[in-house]
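Shown next, in structure tokens, is the structure this report addresses.
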Amino acid sequence: MGFTSAWAISSHTDDDVARLAPRLLPAMRADRLQPEARRRRLEWQRAPLPNHDTWHAPAGSPDATLADVHAVESFRALMAPGRHVDEVCDGTADPSFYVVDDVWDGQSRDGMFISVHSKDYAVASFFHAVGPARAALLPGWCGNFLLTSTEVRRHLPLVERALSFTAADRAAAQAQDWLDYSEGEEHVLEGPLRVWRTAARSGSGLCGLSVHLC
């Protein structure tokens with residue numbers, strides 16, 4: 001079955017963050033506290049996945065034994081949008097609220113990063129590319145977070161550590177980002193840090209959401 005997903009990080013005033021918080025924070029918390037989600041996160045942290053090129057290697061090939069099929073599927077399930085956040089963002093929980101209109105509409109290019117893909121999840125490629133050690137420095141859960149301007153500034157040093165790379169480390173991370181990009185499209189290893197720095201300079205809060213669009 002096909003689907004389209006999006007991962008977006010958008011900038012907001014603290015008043016807007018306060019308006020969004022009663023809807024989004026309980027949903028984010030509910031997805032994070034699901035026992036299966038917590039188990040999958042721990043499995044990934046304990047045993048990071050190998051090169052993504054090995055995940056579906058033909059039987060009998062040298063790479064075939066490197067990727068545990070269960071571990072790959074567990075990771076993909078972990079990175080899929082959570083049911084509670086999806087229900088809030090697609091209008092199921094409240095038909096008067098829709099993420100495109102009520103969170104992303106009116107965003108400037110400088111203040112937002114968005115990655116939209118068919119039959120894939122941008123957060124999955126992002127977190128596989130950066131790995132669990134860097135991911136542990138990032139706030140939120142699997143790309144979802146809602147932060148005031150004060151929290152954005154407080155987390156900036158850790159986000160800088162997580163998403164700043166030496167030339168060799170960047171090349172290695174880029175090799176693990178399997179997403180297809182159109183010409184000029186911002187990559188998942190570039191956009192999040194850019195938006196975070198912009199928000200910290202401008203005194204904005206941030207909202208990160210990974211959702212199904214259809």
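Two residues are said to be in side-chain contact when any heavy atoms from C-beta on lie closer than 4.5 Å; Leu209 and Met28 meet this criterion. A 4.5 Å side-chain heavy-atom check between Glu151 and Thr148 finds at least one atom pair inside the cut-off. Contact annotation: the side chain of Val211 never approaches that of Asp90 to less than 4.5 Å [non-hydrogen atoms, C-beta and beyond]. Looking at Phe145 and Leu25, their side chains never come closer than 4.5 Å, going by heavy atoms from C-beta outward. The closest side-chain heavy-atom distance from Val116 to Ser5 is not below 4.5 Å. In this structure, the side chains of Val103 and Cys207 come closer than 4.5 Å at one or more pairs of heavy atoms. Considering only heavy atoms from C-beta on, Val17 stays 4.5 Å or farther from Leu147 through its side chain.
Ionic pairing of Glu43 and Arg40 is not present here: no N-O contact between side-chain nitrogen and carboxylate oxygen is shorter than 4.0 angstrom. Checked for salt-bridge contact, Asp31 and Arg38 miss the test: no charged N lies under 4.0 Å from a carboxylate O.
Side-chain polar atoms of Asp120 and Trp178 form a donor-acceptor pair below 3.5 angstrom. Donor-acceptor pairing under 3.5 Å is recorded for the side chains of Gln176 and His128. His12 and Ser10 form a side-chain donor-acceptor contact under 3.5 Å, judged by distance and modelled atom types alone. One side chain, Ser125 or Asp177, offers a donor N or O that lies under 3.5 Å from an acceptor on the other. If you check the side chains of Asp15 and Thr13, you find no donor sitting under 3.5 Å from an acceptor. Inspection of the Asn144 and Ser210 side chains reveals no N or O donor paired with an N or O acceptor under 3.5 Å. Using modelled atom types, one finds a donor on one side chain and an acceptor on the other under 3.5 Å when comparing Ser204 with Ser202. Using modelled atom types and a 3.5 Å distance limit, the side chains of Ser108 and Asp110 yield no donor-acceptor pair. No side-chain donor-acceptor contact under 3.5 Å links Asn51 and Thr54.
For Phe97, the ring-ring contact (aromatic ring centres under 6.0 Å, His included) criterion is met by no residue, not counting sequence neighbours. Listed by chain and number, the residues in a ring-ring contact (aromatic ring centres under 6.0 Å, His included) with Tyr181 are His187 (sequence neighbours excluded). Residues that satisfy the side chain to side chain donor-acceptor pair (under 3.5 Å) test with Ser115, not counting sequence neighbours, are His117. With sequence neighbours left out, the ring-ring contact (aromatic ring centres under 6.0 Å, His included) criterion links Phe113 to Trp7. Take Arg197 and apply the salt bridge (Lys or Arg N to Asp or Glu O under 4.0 Å) test, not counting sequence neighbours, and it matches Glu160. In this structure Trp141 satisfies the ring-ring contact (aromatic ring centres under 6.0 Å, His included) test with no other residue, sequence neighbours excluded.
Hydrophobic clustering (side-chain heavy atoms under 4.5 Å, transitive across Ile, Leu, Val, Met, Phe, Trp, Tyr) keeps Trp104 apart from Val123. One hydrophobic cluster, built from ILVMFWY side chains closer than 4.5 Å, holds both Val72 and Leu179. A continuous path of Ile, Leu, Val, Met, Phe, Trp and Tyr side chains, each step under 4.5 Å between heavy atoms, connects Leu163 with Leu189, placing both in one hydrophobic cluster. When the side chains of ILVMFWY residues are joined at heavy-atom separations under 4.5 Å, either directly or via intervening members, Leu24 and Leu213 end up in a single hydrophobic cluster. At a threshold of 4.5 Å between side-chain heavy atoms, the hydrophobic network of Ile, Leu, Val, Met, Phe, Trp and Tyr places Val159 and Leu137 in two separate groups.
Side-chain N or O atoms of Arg154 include none that pairs as donor or acceptor with a backbone N or O of Ser149 at under 3.5 Å. Trp55 places a side-chain N or O within 3.5 Å of a backbone atom of Pro50 that can act as its donor or acceptor partner. Side chain of Arg76 to backbone of Ala71: no donor-acceptor contact under 3.5 angstrom is found.
Between the CD atom in Gln34 and the CZ atom in Arg29 there is a gap of 13.5 Å [rounded to 0.5 Å].
Taking the six-membered ring where tryptophan is involved, the planes of Phe3 and Tyr121 are essentially parallel, since the angle between them stays under 30° and well short of 60°.
Counted within 6.0 Å of CZ on Arg19, heavy atoms from surrounding residues, nucleotides or ligands total more than 12; the atom is thus considered enclosed. Sparse packing is recorded around CZ of Arg161, with 12 or fewer heavy atoms of other residues, nucleotides or ligands lying under 6.0 Å away.
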- [ ] Could you please spell out the steps behind the side-chain contact (heavy atoms from CB on, under 4.5 Å) verdict for His212 and Thr4?
- [x] CA-CA 6 Å; His212 288 108; Thr4 300; over 6 Å; no
